[in-house]
Amino acid sequence: MFTGLAEALDWLYATQMFGIKLGLAGMTRLLEECGVRYPRARVIHVAGTNGKGSTCAFAESVARAAGYTTGLFTSPHLVEFGERIRVNGQNIPDADAARLIWQVKETISAWETPPTFFEIVLAVAMLHFAERQVDIIILETGMGGRLDATNAVPKDVAVITPVGLDHCQYLGSTLYEIAGEKAAIMAWHRPALTAPQEPEAMRALHEHAQAMDTECRIIAEPCEQPLGLRGRYQKLNAALALAALHALPHFLCSAEEEARGLAGVRWPGRFEEAAPGVVMDGAHNPPAIRVLVQAWKEYYPGVKARCIYAGSADKALDEVITLLSGIVGEWILPPVQSPRILPQAEMAEKVRALSAAPVSTPATLAEALQSPAPGTLICGSFFLLGEAKAILQSRADYRMTQQ
C-alpha cells in the first residue's frame, strides 16, 4: 500500500508509458467499477483549443461565490499534481490523492489493458468529488472531445471555446474535422454553447447540434464586468462561463455573487503577472500566441519583451516564433525537462533564422530566471511555466524565511 503521495505519484506517472489512448470504453468501465459513473452533481463539460482553462475557472469561481460546492478538473498542472483536482478552489489534499490513487490501482489490478494516466486521474477526481458531495462539476477535456476520457461523464451543459488547428495528428487536419471532434461532447437534448468560431468550425458545431436535437447557442457579447484575469480576450471566456452556469438546471446566482466570482477568479499561467512586469502565459499554438501578443501590446505598449521561451516539437513553432517576434527584443532559450520540448540547440537555430533579436542559451532555467526584470515574458509551454513557477516560488519562500 502507498505510504504517501510521492510513492503514489511514482506509480501513477509510470502509467504514462501506455501513452494516449483515445476511446471511452475503458473510461466508462473504470467509472462504473469505481461507483462514480453517474455523478449526483450537475456537470459542465468544456472543450475547445484555447480558453478552456480560463472558462472553467470563471465558471467555478462564480458558482462557488453563489454558495455551491464546486469540483474542478483541469490539466495540466504547473507545479503540484493537486492543481488538477480542486474542490471549492482548494487542491485535493495529498493524503486524499494518495488514498484514491491506491483505490484506483486496486480496482484495475486485474485488468489486461490498463487505463492511461489521464483516465486514472479523472477517476480519482470523480471519486474525490463524490466524497465531497459537490453540487457542480466543471470538466475540462484533455484533448479533442469525442474520444476524450471526460466524455464518458454525463453532462448537463456542453461548452466549446475557440477552435484552432492543434493536435492535428489526432483530431484532423482541418478546422471542420477538429471542431467536429470537439462538438461531440454535446449531449442529446442538453444545452450547448460556443464562442464565436470560424465559419468552417461553426458548420461542424451546428451539424452536431442538429444530430443531438439541440441548439448550439453562440455567445458573442463579451462580459464587461471587472474580471480577475487580465486580457481583453478573457471577457468572452467569462461570458461563455456565465452562460454555461445559467444553462444549468435550477442554478441561482445574485448579481453581487456573480460580480464577486468574476473579480475573484485566479488562474495560473494565463497572462499571469508572476512578479511586477513579469508575465507567464501558457500560449503554445498560433491562435493563442496571437491573443498573447495583443494582450502584451495592451498592457505593455511599446515594450519589447525579454522572452524566456520553450516550445514542444510537435507545435507550429515557425509560425509561433514569427508571431512573437513582433514584441520580442531578446530571446532567452533555456533547457526544459520534457522529452516533448524541442532541444535547446535546435530551438536556438530556429529562432535565429526567424528573428533578428539577440538569442542567448543559458545552461539552466534557474540561470535564465536569475534576475527576471520588468518586461519579461515567460511563454510557449506549460512544462516551462511549471518549472519556472517552482523556481520563483522557492526563491520567494526562501526570502520569507530570511525576513
Side-chain angles (χ1 to χ4, degrees), residues 36-48 51-74 85-92 122 125-141 150-151 153-161 185-196 209 212-229 234-267 270:
V36 289
R37 174 76 173 91
Y38 299 101
R40 60 169 287 276
R42 287 163 283 177
V43 176
I44 294 174
H45 193 189
V46 182
K52 297 192 301 292
S54 298
T55 300
C56 289
F58 278 121
E60 188 281 329
S61 185
V62 171
R64 178 158 38 97
Y68 294 92
T69 301
T70 60
L72 177 63
F73 175 79
T74 60
I85 304 167
R86 306 185 190 195
V87 169
N88 279 348
Q90 299 299 310
N91 294 357
I92 182 173
L122 177 58
M126 297 304 293
L127 284 165
H128 186 54
F129 297 158
E131 289 183 349
R132 294 300 180 92
Q133 298 184 333
V134 304
D135 303 309
I136 296 174
I137 294 172
I138 299 105
L139 294 178
E140 178 191 18
T141 57
T150 55
N151 208 24
V153 179
K155 79 291 307 267
D156 295 276
V157 180
V159 178
I160 312 294
T161 67
I185 71 166
M186 295 179 195
W188 182 259
H189 278 235
R190 301 290 186 182
L193 307 166
T194 181
M212 290 291 102
D213 197 22
T214 188
E215 175 192 3
C216 188
R217 184 157 60 93
I218 302 169
I219 307 302
E221 290 297 319
C223 174
E224 296 299 346
Q225 299 187 62
L227 305 177
L229 300 182
Q234 294 291 4
K235 295 177 182 293
L236 273 175
N237 291 335
L240 197 55
L242 290 177
L245 287 171
H246 289 291
L248 284 175
H250 314 298
F251 179 79
L252 298 174
C253 180
S254 70
E256 187 276 331
E257 290 165 341
E258 182 177 291
R260 188 168 73 248
L262 291 172
V265 68
R266 299 291 180 267
W267 196 237
R270 277 71 174 185

Derivation and outcome, side-chain contact (heavy atoms from CB on, under 4.5 Å), residues Thr150 and Glu140: CA-CA 8 Å; Thr150 55; Glu140 178 191 18; over 6 Å; no
Quick one: closest heavy-atom pair of [X] and [Y], and the distance?
X	Y	result
Met186	Cys216	CE-SG, 3.7 Å
Cys253	Val62	SG-CG1, 4.0 Å
Gly89	Arg64	N-NE, 3.7 Å
Gln225	Leu242	NE2-CD1, 4.4 Å
Gly53	Trp267	C-NE1, 3.3 Å
Ala130	Val36	CB-CG1, 3.9 Å

If you measure from [atom1] on [X] to [atom2] on [Y], what distance do you get to the nearest 0.5 Å?
X	Y	atom1	atom2	value
Ile218	Thr194	CD1	OG1	7.0 Å
Asn91	Leu72	CG	CG	10.0 Å
Ile136	Thr70	CD1	OG1	8.0 Å
Phe58	Leu236	CZ	CG	10.5 Å
Arg270	Asn237	CZ	CG	10.0 Å
Cys223	Leu262	SG	CG	5.0 Å

Arg42 and His250: CA distance, side-chain angles, deciding distance, side-chain contact (heavy atoms from CB on, under 4.5 Å) verdict: CA-CA 10 Å; Arg42 287 163 283 177; His250 314 298; 4.1 Å; yes
Can you tell if the side chain of [X] reaches within under 4.5 Å of the side chain of [Y], non-hydrogen atoms only?
X	Y	answer
Val153	Arg37	no
Asn151	Thr141	no
Ile185	Ile160	yes
Ile92	Val87	no
Ile219	Val159	no
Ser61	Arg260	no
Val157	Arg190	no
Ile137	Phe73	no

Without swapping roles, check the side chain of Arg40 against the backbone of Val134 for a donor-acceptor pair under 3.5 Å. yes
Walk me through it: do Ile138 and His45 pass the test side-chain contact (heavy atoms from CB on, under 4.5 Å)? CA-CA 6 Å; Ile138 299 105; His45 193 189; over 6 Å; no
Around atom [atom1] of [X], are there more than 12 heavy atoms from other residues, nucleotides or ligands closer than 6.0 Å?
X	atom1	answer
Glu221	CD	no
Arg217	CZ	no
Gln90	CD	no

Just checking, is any N or O donor in the side chain of Ser54 or Gln234 under 3.5 Å from an acceptor N or O on the other one? yes
Check the orientation of Tyr68 and Phe251. Use parallel for under 30°, tilted for 30 to 60°, and perpendicular for over 60°. parallel
Test side-chain contact (heavy atoms from CB on, under 4.5 Å) applied to Ile44 and Leu245, step by step: CA-CA 8 Å; Ile44 294 174; Leu245 287 171; 3.8 Å; yes
